[in-house]
Asker: 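I'd like to ask some things about the structure below.
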Amino acid sequence: MCFSLEMSTIMLIFGSLCTAIASKKLNNKIALWVGYFTIMQAIHIVGYLTINDCDNIYNRMASYSNYIHICFQPLFVLIGYLGLMQFTGNINNTSRIRMNYALYVAFAIGIFLFTRLFDLHLSIYDNMKYSKQTKKSASCVWCGKTCSYKGDKHINFSLPLLYPSYITPSLFLHTFGFFILPLFINKFTAFCSLVVAITTYVPAYMFNIQGSEVGTIWCFGSILQAVLVIFLALFFKK
């Protein structure tokens, strides 16, 4: 299956409707979660409209916006889970305290990943050169020249990120914040995280494409994923 500008536009409209419904029928935290991932569809549309035109400023902006969005995804997912906890009643003082700590950690994760955009301890030129030599390494996802380009199935992007080191985080921080942190809040958030993990990794395995593009394909389906989690969560409403 290949994705397209039209499909991203459909998901943008669908996500906008789901955001409005969530805001009216559920709560603002859940709406913020769905709305945040709907923004990614708008970023993909900009990328599609300028695809492979690496010198186009909007193409480059789409690449940077893609990465910045990814940096703070764990934070907004946890905000959504907090909204679901409140709406379904699966919350007590202990889980509220744990969630507050998790939100601080997720925000810190976003900041640490964001700093990879800046030349803190390597020259960007040397980092880009090193990234090209190791571009097949899973530890440096999206490293390379700034560009939104056509992938095997969907849009893909690259930009000059600092290579992971002792003081520069890898994308594993995203995995930790997105899938692991919720396991330690309560059983309800652990269930939500497992549903998201299964519906993320199974399609990624089925597509069998490079890791950088798996991320953009997952973002395409993230709104459907959020809707699924919301519906399943309603069965746990107290």
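One-based numbering along the sequence shown. Only this structure's heavy atoms are used, side chains among them; waters, hydrogens and symmetry mates stay out.
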Asker: Does the side chain of L224 come within less than 4.5 Å of M11's, by heavy atoms?
Answerer: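 In short, these two side chains touch, coming nearer than 4.5 Å.
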Asker: Are F179 and L183 linked, directly or through other ILVMFWY residues, by side chains that come within less than 4.5 angstrom of each other?
Answerer: yes
Asker: Parallel under 30°, tilted from 30 to 60°, perpendicular over 60°: which one fits the rings of Y36 and H69?
Answerer: parallel
Asker: To the nearest 0.5 Å, how far apart are CD1 in I230 and NZ in K25?
Answerer: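 Answer rounded to 0.5 Å: 14.5 Å.
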Asker: Which pair of heavy atoms, one from F112 and one from L173, lies closest together, and at what distance?
Answerer: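 Closest heavy-atom pair between F112 and L173: CB-CD1, 4.1 Å.
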Asker: What closest approach, in Å, do L181 and A102 show between heavy atoms, and which atom pair accounts for it?
Answerer: CD1-O, 3.8 Å
Asker: Would you say V227 and V34 make side-chain contact, with heavy atoms under 4.5 Å?
Answerer: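 The answer is no; the side chains never approach within 4.5 Å.
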Asker: Does the plane of the ring in F118 sit parallel, tilted or perpendicular to the ring in F114? Use 30° and 60° as the thresholds.
Answerer: perpendicular
Asker: Which pair of non-hydrogen atoms, one from I109 and one from G177, has the smallest distance, and what is that distance?
Answerer: CD1-CA, 3.7 Å
Asker: Would you say the side-chain atoms of S95 and N92 include a donor-acceptor pair closer than 3.5 Å?
Answerer: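 There is such a pair (donor and acceptor under 3.5 Å, judged by atom type) between the side chains of S95 and N92.
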Asker: Heavy atoms, side chains only, cut-off 4.5 Å: are M40 and I70 in contact?
Answerer: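 Counting from C-beta outward, M40 and I70 do come under 4.5 Å.
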Asker: State whether the side chain of Q225 and the backbone N or O of V196 hold a donor-acceptor pair below 3.5 Å, judged by distance alone.
Answerer: yes
Asker: About how many Å separate OG1 of T38 and CD1 of I13, when rounded to the nearest 0.5 Å?
Answerer: 11.5 Å
Asker: Does a side-chain heavy-atom distance below 4.5 Å link F172 with I180?
Answerer: yes
Asker: If I compare all heavy atoms of A106 with all of P74, which pair ends up nearest, and what's the gap?
Answerer: CB-C, 4.0 Å
Asker: For S158 and K145, indicate whether the former's side chain and the latter's backbone hold a donor-acceptor pair under 3.5 Å.
Answerer: yes
Asker: Do S63 and S148 pair up side chain to side chain, a donor and an acceptor below 3.5 Å, judged on atom types alone?
Answerer: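 On atom types as modelled, these side chains qualify, holding a pair under 3.5 Å.
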Asker: Heavy-atom distance under 4.5 Å between the side chains of E6 and T9, does that happen here?
Answerer: no
Asker: Out of curiosity, does I57 fall in the hydrophobic cluster containing I68 (side-chain heavy atoms, cut-off under 4.5 Å, transitive links)?
Answerer: no
Asker: Atom CZ in R98, atom CG in N93: separation rounded to 0.5 Å?
Answerer: 11.0 Å
Asker: According to the interplanar angle, ranging from 0 to 90°, do the rings of F191 and F236 count as parallel (below 30°), tilted (30 to 60°) or perpendicular (above 60°)?
Answerer: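 Ring orientation, 0 to 90° scale: tilted.
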Asker: Using the rule that Ile, Leu, Val, Met, Phe, Trp and Tyr join whenever any side-chain heavy atoms are under 4.5 Å apart, tell me whether M61 and Y64 fall into a single cluster.
Answerer: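 Looking at the clustering, Y64 is in a separate group from M61.
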Asker: When clusters are formed by joining ILVMFWY residues with side-chain heavy atoms under 4.5 Å apart, either directly or through shared neighbours, do Y104 and I185 land in the same one?
Answerer: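 As far as the 4.5 Å side-chain criterion goes, I185 and Y104 are not connected within one cluster.
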Asker: Give the minimum heavy-atom separation between V46 and Y58, together with the two atoms involved.
Answerer: CG1-O, 3.7 Å
Asker: For T199 and V195, indicate whether the former's side chain and the latter's backbone hold a donor-acceptor pair under 3.5 Å.
Answerer: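 At least one qualifying donor-acceptor pair exists.
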Asker: Please tabulate, for side-chain N and O atoms in residues 14-23, each donor-acceptor pair with protein atoms closer than 3.5 Å (sequence neighbours left out).
Answerer:
{"residue": "S16", "atom": "OG", "partner": "L12", "partner atom": "O", "Å": "2.8"}
{"residue": "T19", "atom": "OG1", "partner": "G15", "partner atom": "O", "Å": "2.7"}
{"residue": "T19", "atom": "OG1", "partner": "G35", "partner atom": "N", "Å": "3.3"}
{"residue": "S23", "atom": "OG", "partner": "N28", "partner atom": "OD1", "Å": "3.3"}

Asker: Measure across R116 and C143 and return the closest heavy-atom pair with its distance rounded to 0.1 Å.
Answerer: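 The pair with the smallest heavy-atom distance is NH2-SG, 3.9 Å.
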Asker: Kindly compute the distance separating OG1 (T50) from CG (N59), expressed to the nearest 0.5 Å.
Answerer: 4.0 Å
Asker: Give every donor-acceptor pair under 3.5 Å between a side-chain atom in residues 76-88 and any protein atom, sequence neighbours left out.
Answerer:
{"residue": "Q86", "atom": "OE1", "partner": "K29", "partner atom": "NZ", "Å": "3.4"}
{"residue": "T88", "atom": "OG1", "partner": "L84", "partner atom": "O", "Å": "2.7"}
{"residue": "T88", "atom": "OG1", "partner": "N90", "partner atom": "ND2", "Å": "2.8"}

Asker: What's the spacing between S65 OG and L159 CG if we round to 0.5 Å?
Answerer: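 Answer for the OG-CG pair, S65 versus L159, is 10.5 Å.
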Asker: Is there side-chain contact between S8 and H154, with heavy atoms separated by less than 4.5 Å?
Answerer: yes
Asker: Is the closest side-chain heavy-atom distance between L26 and W33 below 4.5 Å?
Answerer: no
Asker: Nearest 0.5 Å please: distance from the OH atom of Y101 over to the CD1 atom of I97.
Answerer: 7.0 Å
Asker: State whether the side chain of N52 and the backbone N or O of Y149 hold a donor-acceptor pair below 3.5 Å, judged by distance alone.
Answerer: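 Judged by distance alone, no pair lies under 3.5 Å.
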